[in-house]
Amino acid sequence: MKTKLIFKKFKKLFFLGIFIFTFTYQNQSKVIYAVSMDNYQNSMVTEELRLKVPSNIKNQWLEAEESIWEPWLSSQDGFLGRQIFWNREKEEALILLNWKSKKLWKSISIEEVKNVQEKFEDIVKVSLNINENPFKLIYEGELEKQE
């Protein structure tokens with residue numbers, strides 16, 4: 001009887017030990033394989049933006065993009081170019097902006113970006129005779145080139 005009780009406790013401890021080991025190992029392996037963002041400060045990076053762009057005002061969006069963002073981006077140190085895609089079914093735009101390095105991209109002040117965004121929104125609002133920006137940001141992120 002005591003043997004069965006000891007065996008049950010040992011069995012529970014054994015499975016608990018396996019669970020703890022597996023959980024700990026998986027967490028450590030994620031840390032081992034994770035790459036610090038600081039390691040890539042000097043390599044090319046792509047900024048990814050997704051916006052809601054309704055089909056009935058897509059042309060106004062493109063015009064505002066070309067008249068406001070294109071000249072400003074072209075004047076930024078480290079800017080390599082951009083690609084614009086539009087998904088008709090989802091009515092979403094994907095903008096990929098290539099930068100020489102993350103360091104150069106992130107050196108642009110938030111205030112400066114906000115000012116350009118305000119100009120963009122003002123042109124859109126006047127063009128469409130509305131009071132708020134209809135192009136909502138869905139996602140922003142970055143992609144790093146893999147060697």
Side-chain angles (χ1 to χ4, degrees), residues 8-147:
K8 280 186 176 182
K9 286 184 180 184
F10 177 75
K11 191 175 171 182
K12 287 180 183 179
L13 283 174
F14 179 74
F15 286 116
L16 179 63
I18 289 175
F19 173 77
I20 291 171
F21 174 78
T22 303
F23 181 73
T24 303
Y25 176 74
Q26 285 181 344
N27 280 343
Q28 292 302 319
S29 68
K30 289 177 186 172
V31 171
I32 290 170
Y33 293 116
V35 178
S36 169
M37 298 300 266
D38 295 334
N39 292 344
Y40 289 95
Q41 288 291 317
N42 294 316
S43 64
M44 191 185 110
V45 66
T46 300
E47 180 181 3
E48 178 184 4
L49 301 170
R50 291 185 186 272
L51 307 164
K52 191 71 179 164
V53 179
S55 58
N56 62 328
I57 54 175
K58 181 183 118 191
N59 290 335
Q60 288 85 347
W61 167 71
L62 283 171
E63 288 171 9
E65 279 284 330
E66 288 175 18
S67 67
I68 298 297
W69 282 110
E70 188 64 38
W72 181 80
L73 286 166
S74 297
S75 71
Q76 297 305 306
D77 190 26
F79 178 70
L80 300 175
R82 70 179 179 158
Q83 295 175 292
I84 297 177
F85 303 91
W86 186 68
N87 183 313
R88 183 184 316 268
E89 290 176 17
K90 292 182 178 181
E91 294 190 325
E92 286 181 11
L94 168 64
I95 304 172
L96 301 175
L97 303 128
N98 296 315
W99 298 92
K100 186 175 182 179
S101 73
K102 185 173 181 176
K103 186 176 182 177
L104 288 171
W105 169 37
K106 294 297 183 177
S107 69
I108 301 167
S109 74
I110 297 295
E111 292 78 26
E112 191 175 353
V113 174
K114 284 181 181 179
N115 288 339
V116 177
Q117 179 64 26
E118 285 175 12
K119 289 178 187 176
F120 171 83
E121 290 181 15
D122 289 344
I123 284 183
V124 168
K125 290 187 256 184
V126 168
S127 170
L128 297 171
N129 195 25
I130 57 176
N131 294 325
E132 67 178 50
N133 179 19
F135 311 117
K136 302 299 177 196
L137 182 65
I138 298 169
Y139 173 81
E140 62 181 315
E142 60 192 67
L143 305 166
E144 294 172 348
K145 185 174 182 171
Q146 300 300 300
E147 304 295 326

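Count residues from 1 along the sequence. Heavy-atom basis, side chains included; hydrogens, waters and symmetry copies ignored.
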(message) Run the salt bridge (Lys or Arg N to Asp or Glu O under 4.0 Å) test against Glu65 and tell me which residues pass, sequence neighbours left out.
(response) Arg82
(request) Can you sort out the partners of Glu63 under salt bridge (Lys or Arg N to Asp or Glu O under 4.0 Å), two or more places apart, ordered by chain and number? (result) none
Under 3.5 Å, which donor-acceptor pairs link side chains of residues 107-114 to any protein atom two or more places apart or in another chain?
{"from": "Ser107", "atom 1": "OG", "to": "Leu104", "atom 2": "O", "distance (Å)": "2.6"}
{"from": "Ser109", "atom 1": "OG", "to": "Glu112", "atom 2": "N", "distance (Å)": "3.1"}
{"from": "Glu112", "atom 1": "OE2", "to": "Trp72", "atom 2": "NE1", "distance (Å)": "3.1"}

At what distance, to the nearest 0.5 angstrom, does [atom1] of [X] lie from [atom2] of [Y]?
X: Glu47; Y: Leu143; atom1: CD; atom2: CG; answer: 10.0 Å
X: Ile130; Y: Ile57; atom1: CD1; atom2: CD1; answer: 6.0 Å
X: Met44; Y: Glu144; atom1: CE; atom2: CD; answer: 10.5 Å
X: Ile138; Y: Glu92; atom1: CD1; atom2: CD; answer: 3.5 Å
X: Thr46; Y: Asn98; atom1: OG1; atom2: CG; answer: 4.0 Å

(request) Indicate the ring-plane relationship of Phe79 and Trp99, choosing parallel, tilted or perpendicular according to the 30° and 60° boundaries. (result) perpendicular
With sequence neighbours excluded, residues passing side-chain hydrogen bond (donor to acceptor under 3.5 Å, both in side chains) with [X]:
X: Gln60; result: none
X: Glu48; result: Arg50
X: Glu140; result: none
X: Ser55; result: Glu91

Work out which heavy atom in [X] is nearest to a heavy atom in [Y]; give both atom names and the distance.
X: Pro134; Y: Leu128; value: CG-CD1, 3.9 Å
X: Trp105; Y: Gly141; value: CH2-O, 4.4 Å
X: Val45; Y: Ser101; value: CG1-C, 3.9 Å

(request) Please assess Leu49 against Leu97 for the test side-chain contact (heavy atoms from CB on, under 4.5 Å), listing each intermediate value before the final yes or no. (result) CA-CA 8 Å; Leu49 301 170; Leu97 303 128; 3.7 Å; yes
(request) With sequence neighbours excluded, give me every side-chain hydrogen bond (donor to acceptor under 3.5 Å, both in side chains) pair touching residues 120-135. (result) Gln117-Glu121, Glu121-Asn133
(message) I'd like to know whether NZ of Lys52 has more than 12 heavy-atom contacts from other residues, nucleotides or ligands below 6.0 angstrom.
(response) yes
(request) Taking side chain to side chain contact (heavy atoms under 4.5 Å, CB included) as the test, write out the residues that go with Lys58, two or more places apart. (result) Val53, Trp61, Leu62, Trp86
